[in-house]
Amino acid sequence: MSESATAPSHFIRNIVTEDRQNNKNNGRVHTRFPPEPNGYLHIGHAKSICLNFGLAAEFGGLCNLRFDDTNPSKEDVEYVESIKSDVRWLGFDWDDREFYASDYFEQLYRFAVELLESADAYVCDLSADEIRKHRGTLTEAGKESPYRARSVEENLDLFQRMRAGEFPDGSRTLRAKVDMASPNLNMRDPVMYRILRATHHRTGDKWCIYPTYDFAHGQSDSIEGITHSICTLEFEDHRPLYDWFLDKLKIHHPRQIEFARLNLTHTVLSKRKLLQLVQRGYVAGWDDPRMPTLAGIRRRGYTPESLRVFCERIGVAKRNSTVDVAMLEHCVREDLNRRAPRVMAVLRPLRVIITNYPEGQAEELEAVNNPEDPQMGTRKVPFSRVLYIEQDDFRETPPKGFFRLAPGREVRLRYAYIIKCDEVVKDPTSGAVIELRCSYDPETKSGSVQSGRKVKATLHWVSAAHAVEAEARLYDHLFAAENSDDVEEGADWTRNINPNSLETLASCRVEPCLKDAAPGDRYQFERLGYFCVDPVDSSDRKLVFNRTVTLRDAWAKAEKARKRE
RNA sequence: UGGGCGGUCGCCAAGCGGUAAGGCCCCGGACUUUGGAUCCGGUAUCGAAGGUUCGAAUCCUUCCCGCCCAGCCA
């Protein structure tokens, strides 16, 4: 996987390249990632983070981390902390350039006063409701506020008193004097400041008026000397307003470029819905491994490298699109295939007795840690008379195309011997298969001269006496439908939540080398998938593995297709 | 029916007047002590209709479809 070797062109990269060629900003490239600390970052943010930090790195520029914290009623330090650790985990560094829109409150206030002095803004006494009514509609022009013509002196006095706390919340606003007849609703005298008594996570109770995003964002970028303000499509309509403020204020003009936000199949990426999933208990928290949050994805076992490659591969464009989650899954598999050590683990154990293997005997067999990387060496795996294999690897009446174990059939045990199933032991009451009695061929030991004999399948296994117990959590898509909104009339999107998105297997048996696995360690359980030690619930007493993603499985696919017919 | 933006393979996405990259998915096949990995091979005429041109996905015209905007949210 070559993260940097392939830098496919996209329109933003082209714009930046062109701007440099024209020596715009003296060839300087300075971007920023501007989250609002009102929720956890998700994979959609990762796209923006990779874009902003990536472009800066690529062109020898800088990228700031700036919190757009202009709405204290929704923001919290919990979120700023999680955002910082998520960005770091993704692999990016903002050095000492950690900024906050709230750092600029005083400056923003002065900007507002400037606009008041040039009669480009005014204090408006209309209520929220009245402002809405005056705004007009998509097809009709709005009406001017009766307070629009206040004198500069009166405006200055009123605004100063707004700041001083003389008026109740919501009683007045500061508005830009633009154009109530503009076809762009954002230009119909937008609110710049509102009166809001809320304790801000950084400025405390210093302010009782707060700038709106529209009045803060563009100027914040300008103050920081941002050259390319990259944001999502919905802000395209706001650009004329930002330009208007910057022009009136005669300050540095970043170039705003909008791109389409990421959508993924089988999940949701809206802050509102993610919040509801957490609050209504559909998931265990922001870091539930089924969540598309960076915290969840990280806990699930995804690597930051795979996320970065994913973000590079999906591209950047203005077209609304929904990326198939299979693309994401492909990226982790590709990365983990290269780096995850292989290990044998039996999720649903079926006991196997090797009848002709001496009781009490055990031997150490050599197993390769990663066939993709010989450097990773080998390890010893204990073999003995009583083993466990996967329940799925045995069928009493094998369907066509099934070439694993069945009565009378032979298979190879990985790194060990070829065994033959001689007898099936069932529970007398339930009829369930509870044990297999097999015989092994001592001549077929892995690596020996005779070992070349061909059998149709190789199974993973674990020695019963040596195995370590563990819990495995198997995850599936959070939403059964590709599109979470794809529900019948009147039904809620939560109807699409996949009731089987989590399956917990409490009595798995894993090979002994896993005993000392540390939280976060990633492995490939041969033939099953990639798993990582759950950083939260795993302990010395109880090993817990999260399945990051399954291996591609041609047999499972074929069987599924067969069932559909 | 106002304004802004978009429509290239099932899903992403290059292309910027010279005759449709790549990735994912899918389907074949080779190889294989992971039905994994790897390797080969297969699959679009560019929303529609006109026009300009020797030549158009790329230029022009008209039409159709989708997304965003009427928070003192961001």
Side-chain angles (χ1 to χ4, degrees), chain A residues 6 8-10 14 34-36 38 68 70-71 73-74 124 126-128 131-133 135-142 169-175 182-188 190-196 209-210 212-214 216-217 231-240 258 260 262 265 271 313-331 333-334 337-338 342 344 368 371-372 401-404 411-416 418 444 446-447 451-460 482 524-529 550-558:
Chain A
T6 47
S9 76
H10 61 241
N14 293 159
E36 184 194 9
N38 70 343
D68 271 336
T70 54
N71 186 357
S73 61
K74 291 188 178 172
C124 182
L126 256 24
S127 68
I131 286 184
R132 177 156 38 79
K133 286 180 179 132
R135 189 150 30 222
T137 67
L138 294 179
T139 51
E140 301 161 62
D169 283 11
S171 61
R172 277 178 233 260
T173 56
L174 181 72
R175 294 228 260 162
S182 171
N184 181 345
L185 306 213
N186 295 118
M187 303 298 268
R188 320 242 265 223
V191 170
M192 297 160 60
Y193 268 90
R194 70 278 214 187
I195 302 174
L196 175 64
I209 57 172
Y210 290 95
T212 57
Y213 175 86
D214 277 346
H217 189 83
C231 62
T232 43
L233 257 25
E234 66 271 29
F235 295 107
E236 221 154 4
D237 285 344
H238 296 240
R239 193 175 44 195
E258 308 85 5
L262 172 68
T265 57
K271 273 189 181 179
R313 285 194 184 149
I314 56 174
V316 179
K318 299 193 71 156
R319 178 191 336 181
N320 292 309
S321 63
T322 302
V323 175
D324 192 332
V325 71
M327 177 86 97
L328 212 210
E329 294 169 345
H330 169 263
C331 291
R333 284 197 190 100
E334 181 182 54
N337 174 49
R338 250 190 1 194
R342 267 108 248 233
M344 293 196 285
V368 173
E372 302 293 318
F402 181 87
F403 35 81
R404 275 110 95 146
V411 293
R412 170 171 289 285
L413 292 182
R414 174 137 244 224
Y415 298 122
I418 289 176
T444 58
S446 200
S451 68
R453 204 165 105 207
K454 295 287 180 203
V455 285
K456 284 235 176 150
T458 297
L459 309 187
H460 61 275
E482 275 200 5
Q524 182 196 98
F525 286 0
E526 292 218 31
R527 305 209 306 134
L528 297 173
T550 61
L551 249 28
R552 288 182 69 224
D553 188 345
W555 167 245
K557 194 188 293 175

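Chain letters run A, B, ... following the sequence lines, proteins first and then strands; every chain starts at 1. Every value quoted in this text rests on a predicted model; they were computed, and no experiment measured them.
- When heavy atoms are screened at a 4.0 angstrom cut-off, A/R552 is found touching the sugar-phosphate backbone but no base atom.
- With sequence neighbours left out, A/T137 forms a side chain to side chain contact (heavy atoms under 4.5 Å, CB included) with A/T139, A/E140.
- Remark: A/S321 is in phosphate contact with B/rA13, judged by side-chain N or O atoms under 4.0 Å from OP1 or OP2.
- Put simply, the side chain of A/E372 and the base of B/rG36 share a donor and an acceptor less than 3.5 Å apart.
- Taking every side-chain heavy atom of A/E236 into account, B/rG4 is the closest of B/rG15, B/rG4, B/rG2.
- Base pairing annotation: B/rA20 forms no Watson-Crick or G-U wobble pair, as no partner gives both donor-acceptor distances under 3.5 Å.
- Within 4.0 Å of A/R404, counting heavy atoms only, lies at least one base atom of the nucleic acid.
- With sequence neighbours excluded, no residue satisfies salt bridge (charged side-chain N to carboxylate O under 4.0 Å, His left out) with A/E36.
- Take A/D553 and apply the side-chain hydrogen bond (donor to acceptor under 3.5 Å, both in side chains) test, not counting sequence neighbours, and it matches no residue.
- A donor and an acceptor atom, one from each side chain of A/S73 and A/N71, are located under 3.5 Å apart.
- The base of B/rU34 lies close enough to the side chain of A/Q524 for a donor and an acceptor atom to sit less than 3.5 Å apart.
- Nucleic acid contact class of A/F403 (heavy atoms, under 4.0 Å, all strands): base.
- By the side chain to side chain contact (heavy atoms under 4.5 Å, CB included) test, A/T265 is found to be paired with A/T322, A/D324, A/V325, A/E482, residues two or more places apart in sequence or in another chain being considered.
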Dump the pairs, protein N or O against N or O of nucleotides 41-44 of chain B, anything under 3.5 Å, distances to one decimal.
none

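- Distance CZ (A/R414) to P (B/rA37): 14 Å, rounded to an integer number of Å.
- Nucleotide B/rU61 forms a pair with B/rA49, judged by Watson-Crick or G-U wobble geometry with both contacts under 3.5 Å.
- Side chain of A/R552 to backbone of A/H330: no donor-acceptor contact under 3.5 angstrom is found.
- Evaluation of the side chain to side chain contact (heavy atoms under 4.5 Å, CB included) rule for A/T212 yields A/V191, A/R194, A/D214, A/F215 as partners, not counting sequence neighbours.
- Residues passing the salt bridge (charged side-chain N to carboxylate O under 4.0 Å, His left out) test with A/E236, sequence neighbours excluded: A/K318.
- Using the Watson-Crick or G-U wobble rule with both distances under 3.5 Å, B/rG41 pairs with B/rC27.
- A search for ring pair (Phe, Tyr, Trp, His ring centres under 6.0 Å) contacts involving A/H460 returns nothing, not counting sequence neighbours.
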- Task: Show your working on ring pair (Phe, Tyr, Trp, His ring centres under 6.0 Å) between A/W555 and A/F403 and close with a plain yes or no.
- Result: CA-CA 10 Å; A/W555 167 245; A/F403 35 81; 7.2 Å; no
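- In this entry B/rC67 has B/rG4 as its Watson-Crick or G-U wobble partner, both defining distances falling under 3.5 Å.
- Here the side chain of A/R412 is nearest to one of B/rU33, B/rG4, B/rA13, namely B/rU33.
- Note on A/N14: a side-chain N or O is less than 4.0 Å away from OP1 or OP2 of B/rG15.
- Mapped onto RNA chain B by nearest heavy atom, A/R319 and A/F402 fall at different nucleotides, with A/R319 at the one closer to the 5' end.
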- Task: Do nucleotides 64-74 of chain B as a string where each nucleotide becomes B, S or -: B if the base has a protein heavy atom under 4.0 Å, S if just the sugar-phosphate does, - if no protein is that close.
- Result: ---SBBBSBSB
Polar pairs (N or O, both sides) under 3.5 Å between protein and nucleotides 20-24 of chain B?
{"from": "B/rC24", "atom 1": "OP1", "to": "A/H330", "atom 2": "NE2", "distance (Å)": "3.1"}

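- For A/L551, the side chain to side chain contact (heavy atoms under 4.5 Å, CB included) partners two or more places apart in sequence, or in a different chain, are A/Q524, A/Y530.
- A/Y415 has its OH atom 8 Å from the C1' atom of B/rU34, to the nearest Å.
- With sequence neighbours left out, A/R333 forms a salt bridge (charged side-chain N to carboxylate O under 4.0 Å, His left out) with no residue at all.
- Not one side-chain nitrogen or oxygen of A/T458 sits closer than 4.0 Å to the OP1 or OP2 atom of B/rG35.
- Rounded to an integer number of Å, the gap from A/E329 CD to B/rC11 C1' is 13 Å.
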